[in-house]
Amino acid sequence: MVDTAPARPSSTTAAPATEAPNASAAGDPAAGTPVGSTDTDVRIDTTLLGELLLGRWAEDRRISRRLTKDPAVHKIEGQPVPEHRARALEQLRILVDAGAIQRPYPLEFGGQENHGGNLAAFEELTTADPSLQIKAGVQWGLFGSAVHHLGTERNHREFLPGIIRFDVPGCFAMTETGHGSDVQSIATTATYDPATQEFEIHTPFRGAWKDYIGNAALHGRAAVVFAKLVTAGVDHGVHAFYVPLRDVEGAFLPGVGGEDDGVKGGLNGIDNGRLWFDHVRVPRTNLLNRYGDVAEDGTYSSPIASPGRRFFTMLGTLVQGRVSLDGAAVVAQKIGLQIALTYAMERRQFPTGGGDEGVLLDYGRHQRRLIPRLATVFAQSFAHEKLLRTFDDVFSGREDTPQRREDLETQAAAFKSMSTWSALETLQECREACGGAGFLAENRLTGLRADLDVYVTFEGDNTILLQLVGKRLLTDFRARAPRDPASTARFVAAQAAAKLADASGLRRLGQTVADRGSLAASVTDLQDPRTQRELLQGRVDTMVTEIGLRLASAGKDRAKAAKLLNRSQHELIEAAKAHAELMQWEAFTDAIEEVAPGDTRRTLVWLRDLFALGLLEQHLDWYLLHGRLSAQRGRAVSAYVDRLVARIRPIVPQLIESFGYEPEHVRAPIALGEERARQEEAAAWFAAEAAAGRLPEQEKKPRP
């Protein structure tokens, strides 16, 4: 569908994704035109915008949304843990019966080889119950995916049918109590015995127990267990093995044991537990052998000679967990914002200048606490769509190259970290913005936040993931840095000159001269996407360069380099965050280019600008200290954020509509007419009492 709003000419054709850089043409108060003079007439093509948000796999998302309207898959707030676990188990059978889980698997097993569509559909399960989404992810996104991507044809034939049909509920047993995210250091072993052609799976001490494992406490009948493969006395590093756990009655098999993790802070529909193995024997062919195999005589072979590269390649095939968590966090934020913004547009509180009570969203502070988060979730949506496309390119085999896989891993680590942290902050802000009503379980905000809490440590702790992103940035920096002494000297001199320019105030002086004391001129430049990119990119480049040069000073002294890196960890993580923010901004800008000129595009530009200036405001101290913004432009950042928020306020209902979520997805009474009905009842009562003359006369205090 094409945006039918009349096209608006832009005063520049060189800058990407911009609308009317002349502030006065856009109705900007900095140029003397009141906000709201034209903005109430903005008409977004919500169908067009909705399709843009749905992305390439729109139909897969729609199918999943139709499924999640069924009350049978909805979370029952406050349900006791045993009942919630049983309900989640049955909900997985509903998914199987609905044909909702076959998308990523090979055609010969009834699949569609649709990798991007599979994750897009699974993310939408979050609207029903995050426990359902994660439990399904454990079964088919981790357990099944490990067999699919780490195994070969022999493993597929033997294990995939039961996994897909859900005849064999399973576990993904990687994490150990003692080694959390440090998978390379796990202690569980799989020692090959050529006499019996079996592997012996063993956890030698308590810290080696597999922990926090979904489906382990009750439902798992088999697991993909990650252990160090030992054969002929040689440790070949971490590999994956298919290990049966329980019999058909649910009792542990000989040598297998475990315990329940118990009640958690959220996601209590999932039976997380601990597993241990006491010399459990499995056939040689239970090794998932795509990247490493053991012959009958115990000889080890692998298509990847380097143990380090082999390890990271194996883990890279399981990146889809991070991709789906990023998408699920975006979905949860949309639901939370839809609840809080709808309530804020209906809840009346405190007399306004005219004497009547105003709706919450007409108060400036309430707009400030929610509308910028709306802009952020749009940015995250478009960034996630790019991540899904990268994921599908790699897993479909179309662009399965080392470079593309590295890009995928970096994007997944960056976006998952940023969106899951953002989800906790946004849901908490939504909860507070709804007052006591937001604290009621029936309005879902507390439950969503509790369930998403663990997302920040699922599939890798966010801080550790951002270190991986930071190290990729340093690798790229070293690749760009010159190697010969003369070029290195020039490079270092250039960096020193740039730092001197920052410190001397030359950039600030240039901005002050260009702006001529005009707030409108400052705003106009900040609206320019070239300026936004320069500021966001410049922050990343400067931070990475400073760390890179510091580490380079260690030369070949590895001990010194390790100490310097350790001291730079905080800065490195901040650089990784800045890089993620830049990628989100770029994804937003690319999405705008897909929309024809008109109100829909104009609104997206406003949202993109709000996202960008929100980042500048958040990091304003850095930009001021590094001389990247003058004091006047620093003031203009916050002033223009306020103006954008006010401009977007009238079109919030249309933006929410573009999410495409129906009442069955939202399921919060305060966002489905309950508050509106209360307000209408109160207004009708006061009107009737006033008309009948039954209202008491108000006390009037005498003037002093």
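Values reported hereafter were calculated over all heavy atoms of this structure, with side chains retained and with hydrogens, waters and symmetry mates removed.
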*Going by heavy atoms in the side chains, are V595 and R602 under 4.5 Å from each other?*
no
*asked:* If I compare all heavy atoms of D41 with all of D599, which pair ends up nearest, and what's the gap?
replied: O-OD2, 3.9 Å
*Do any N or O atoms from the side chain of R348 and from the backbone of G358 form a donor-acceptor pair under 3.5 angstrom?*
no
*In a check of salt bridge (Lys or Arg N to Asp or Glu O under 4.0 Å) between R66 and each of E59, E124, E662, E664, which one passes?*
E59
*Would you check, one step at a time, whether the test side-chain contact (heavy atoms from CB on, under 4.5 Å) holds for E581 with H619?*
CA-CA 12 Å; E581 291 164 349; H619 306 302; 3.2 Å; yes
*Least distance between heavy atoms, G336 atom then C430 atom*: O-SG, 3.5 Å
*Considering all heavy atoms of both residues, which atom of A412 and which atom of L387 are nearest to each other, and what is their separation?*
N-CD1, 3.7 Å
_Backbone N/O of D45 and side chain of T600: donor-acceptor pair under 3.5 Å_ = yes
*Kindly compute the distance separating CG (L452) from OG1 (T426), expressed to the nearest 0.5 Å.*
10.5 Å
_S417 to A413 - nearest heavy-atom pair and separation_ = OG-O, 2.7 Å
_salt_bridge(E409, R322) N-O dist < 4.0 Å_ = no
*asked:* For L361, is there any backbone N or O sitting under 3.5 Å from a side-chain donor or acceptor partner on H366?
replied: no
*Qualifying residue, where the test is salt bridge (Lys or Arg N to Asp or Glu O under 4.0 Å) with D642 and the options are R635, R649, R368*: R368
*Could you check Q349 against R347 for side-chain hydrogen bond (donor to acceptor under 3.5 Å, both in side chains), going step by step and ending with a plain yes or no?*
CA-CA 7 Å; Q349 193 81 56; R347 170 74 174 185; 2.8 Å; yes
*Hey, are the side chains of R643 and V523 touching, using non-hydrogen atoms and a 4.5 Å cut-off?*
yes
*Heavy-atom pair with the smallest gap, counting every atom of F122 and Q133*: O-CG, 3.2 Å
*asked:* Set out, in order, the CA-CA distance, both residues' side-chain angles and the distance that settles side-chain contact (heavy atoms from CB on, under 4.5 Å) for Q618 and L615, then state yes or no.
replied: CA-CA 5 Å; Q618 181 182 345; L615 295 176; 4.0 Å; yes
*Using atom types as modelled and distance alone, determine if a side-chain donor or acceptor of E594 lies under 3.5 Å from a backbone N or O of L52.*
no
*Can a cation-pi geometry be assigned to R647 and W606, taking NZ or CZ under 6.0 Å from the six-membered ring centre and within 45° of the ring axis?*
yes
*Nearest 0.5 Å, what's the CG-CG distance between L448 and L424?*
11.0 Å
*asked:* Ring of F378, cation from R608 - is the NZ or CZ under 6.0 Å from the centre and inside 45° of the axis?
replied: no
*Does one side chain, of R530 or Q532, offer a donor that lies under 3.5 Å from an acceptor on the other?*
no
_To the nearest 0.5 Å, what is the distance between CG on L607 and CG on L374?_
6.0 Å
*Check whether NZ of the Lys or CZ of the Arg K577 lies under 6.0 Å from the centre of the six-membered ring of W421 and within 45 degrees of that ring's axis.*
yes
*Is any NZ, NE, NH1 or NH2 atom of the basic residue among D393 and R389 found under 4.0 Å from an Asp or Glu carboxylate oxygen of the other?*
no
*Heavy-atom donor-acceptor pair, S658 side chain to L655 backbone, under 3.5 Å*: yes
*Please determine, by modelled atom types, if Q380 and S419 share a side-chain donor-acceptor pair under 3.5 angstrom.*
no
*T420 versus F458: any side-chain heavy-atom pair under 4.5 Å?*
no
*Nearest-0.5 Å distance that lies between atom CD in E617 and atom CG in L613*: 8.5 Å
*Side chain S638, main chain G634, donor-acceptor under 3.5 Å*: no
_Nearest 0.5 Å, please: how far is NZ in K135 from CD1 in I270?_
7.0 Å
*Could you go step by step and tell me if Q569 and Q467 meet the side-chain contact (heavy atoms from CB on, under 4.5 Å) rule?*
CA-CA 7 Å; Q569 275 191 343; Q467 288 185 56; 3.1 Å; yes
*Are any non-hydrogen side-chain atoms of I592 and R601 less than 4.5 angstrom apart?*
yes
*Closest approach of A575 and L473, non-hydrogen atoms and distance?*
O-CD1, 3.9 Å
*Could you tell me whether a side-chain N or O of Q654 sits under 3.5 Å from a main-chain N or O of V42, the two making a donor and an acceptor?*
yes
*Under the 3.5 angstrom rule, does the side chain of K386 hit a backbone N or O of M583 as a donor-acceptor pair?*
no
*So, H115 and D392: side-chain donor and acceptor under 3.5 Å apart, yes or no?*
no
*Side chains of N462 and T457: is there a donor and an acceptor less than 3.5 Å apart?*
no
*Could you give the distance from CZ (F611) to CZ (R373), rounded to the nearest 0.5 Å?*
12.5 Å
*Apply side-chain hydrogen bond (donor to acceptor under 3.5 Å, both in side chains) to the pair K69 and T127, showing each step before the final yes or no.*
CA-CA 9 Å; K69 291 169 69 174; T127 66; over 6 Å; no
*asked:* Using side-chain contact (heavy atoms from CB on, under 4.5 Å), reason through L465 and E459 one step at a time and then give a plain yes or no.
replied: CA-CA 9 Å; L465 292 181; E459 300 294 319; over 6 Å; no
*Sole residue of K416, Q411, H384 in side-chain contact (heavy atoms from CB on, under 4.5 Å) with V323*: H384
*T126 side chain vs E123 backbone, donor-acceptor pair below 3.5 Å*: yes
_Within the 4.5 Å heavy-atom criterion, are R431 and R449 side-chain neighbours or not?_
no
*With side chains defined as the heavy atoms from C-beta onward, is the minimum distance between L629 and L535 less than 4.5 Å?*
yes
*Q338/H665 under side-chain hydrogen bond (donor to acceptor under 3.5 Å, both in side chains): CA gap, chis, key distance, verdict*: CA-CA 11 Å; Q338 183 160 341; H665 301 122; over 6 Å; no
_Please check this pair: side chain of T68 against backbone of R65, looking for a donor-acceptor N/O pair closer than 3.5 Å._
yes
*Cationic tip of R628 within the cone over W622's six-membered ring, i.e. under 6.0 Å and within 45° of the normal?*
no
*Apply salt bridge (charged side-chain N to carboxylate O under 4.0 Å, His left out) to the pair E51 and R62, showing each step before the final yes or no.*
CA-CA 10 Å; E51 288 297 310; R62 278 191 285 263; 2.6 Å; yes
_For D451, is there an ion pair with K75 - N to carboxylate O distance below 4.0 angstrom?_
yes
